[in-house]
Amino acid sequence: MSLGPDKIQVPKLLQYPVVTGTWAPPFVAYLILLHYRIAYIRITNPGNSFGDHLKSTRRAGKDPADLQNPDPLYVAIRSQQNFMESVPFVLFLAGVAEVNGGNKKALNICLAVLFVLRVLHVEAGLKIKGTRGLGRPLAYYTTQSMTLGLATYSGWLAKGYWGF
């Protein structure tokens with residue numbers, strides 16, 4: 001806790017997470033782009049207005065996850081799902097670390113790297129012919145490491161609360 005200008009104690013948790021707030025707009029902008037890509041495919045291709053049409057694609061004898069010619073809607077949906085599986089939780093962990101006094105420069109670098117890698121995961125990974133671009137494994141393993149690292153860092157920052 002710290003003493004405010006009027007001598008009222010302000011809990012540390014009420015400090016604004018400016019680093020997380022700074023990185024929220026770029027992440028949301030990219031998420032909107034991923035949403036847009038799905039909507040565009042649905043609008044421009046009749047019959048794609050609901051679901052992922054995997055069953056109908058398979059009935060037609062085509063594998064939607066065919067590495068040589070994947071279904072564009074399937075790739076767009078997986079791109080969005082992969083983004084949503086990790087980014088919100090990492091942003092949450094960064095916010096937890098930040099309100100517990102985490103190093104703002106380190107958190108800025110961490111979120112900048114996460115943003116670049118999540119974009120590479122799609123643009124230089126899933127959207128590459130064969131969906132096997134270098135961006136996929138690079139982003140996957142770095143995101144997992146970052147999640148573990150931020151969780152550990154957040155726990156370490158809060159260790160004093162538990163008497164350690």
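What you see below is based on every heavy atom in this structure, not just the backbone, and it leaves out hydrogens, waters and symmetry mates.
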Test side-chain contact (heavy atoms from CB on, under 4.5 Å) applied to Leu126 and Asn82, step by step: CA-CA 10 Å; Leu126 288 169; Asn82 288 345; 3.6 Å; yes
message: What verdict does the side-chain contact (heavy atoms from CB on, under 4.5 Å) test give for Arg78 and Gln81, after you've listed the backbone C-alpha separation in whole Å, the side-chain angles of each residue and the deciding distance to 0.1 Å?
response: CA-CA 5 Å; Arg78 285 304 312 155; Gln81 286 175 335; 2.4 Å; yes
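To the nearest 0.5 Å, the span separating CD on Glu98 from CG on Leu150 amounts to 11.0 Å. Atom CZ in Arg132 sits 13.0 Å away from atom CG in Leu134 (nearest 0.5 Å). Atom CG of residue Leu148 and atom CG of residue Leu93 lie 10.0 Å apart, to the nearest 0.5 angstrom.
Val119 and Tyr30 get closest at one heavy-atom pair: O-OH, 3.8 Å. Residues Ser79 and Leu34 come closest through the heavy atom pair O-CD1, 3.9 Å. Closest heavy-atom contact between Ala94 and Thr20: C-OG1, 3.7 Å. Among all heavy-atom pairs drawn from Pro72 and Ile41, the shortest one is O-CD1, 3.5 Å. Taking all atoms of both residues into account, the shortest heavy-atom contact from Val99 to Pro17 is CG1-CB, 4.2 Å.
In terms of modelled atom types and a separation under 3.5 Å, the side chain of Gln80 and the main chain of Ile38 share no donor-acceptor contact.
No continuous path of hydrophobic side-chain contacts links Ile128 to Tyr74 [ILVMFWY only; heavy atoms under 4.5 Å]. Linking ILVMFWY side-chain heavy atoms closer than 4.5 Å, directly or via other members, places Leu33 and Leu91 in a single hydrophobic cluster.
For Ser86, the side-chain contact (heavy atoms from CB on, under 4.5 Å) partners are Arg118, Thr143, not counting sequence neighbours. Not counting sequence neighbours, the partners of Arg37 by the salt bridge (Lys or Arg N to Asp or Glu O under 4.0 Å) test are Glu123. Judged as a side-chain contact (heavy atoms from CB on, under 4.5 Å), and not counting sequence neighbours, the contacts of Leu138 are Leu117, Thr142. Residues satisfying the side-chain contact (heavy atoms from CB on, under 4.5 Å) criterion with Val96, sequence neighbours excluded, are Phe92, Asn100, Ser154.
Val28 belongs to a hydrophobic cluster whose other members, connected by ILVMFWY side-chain contacts under 4.5 Å either directly or through intermediates, are Ile32.
The ring-ring contact (aromatic ring centres under 6.0 Å, His included) analysis of residues 113-159, with sequence neighbours excluded, yields the pairs Phe27-Phe115.
In Lys159, the NZ atom is crowded: over 12 heavy atoms of neighbouring residues, nucleotides or ligands sit closer than 6.0 Å.
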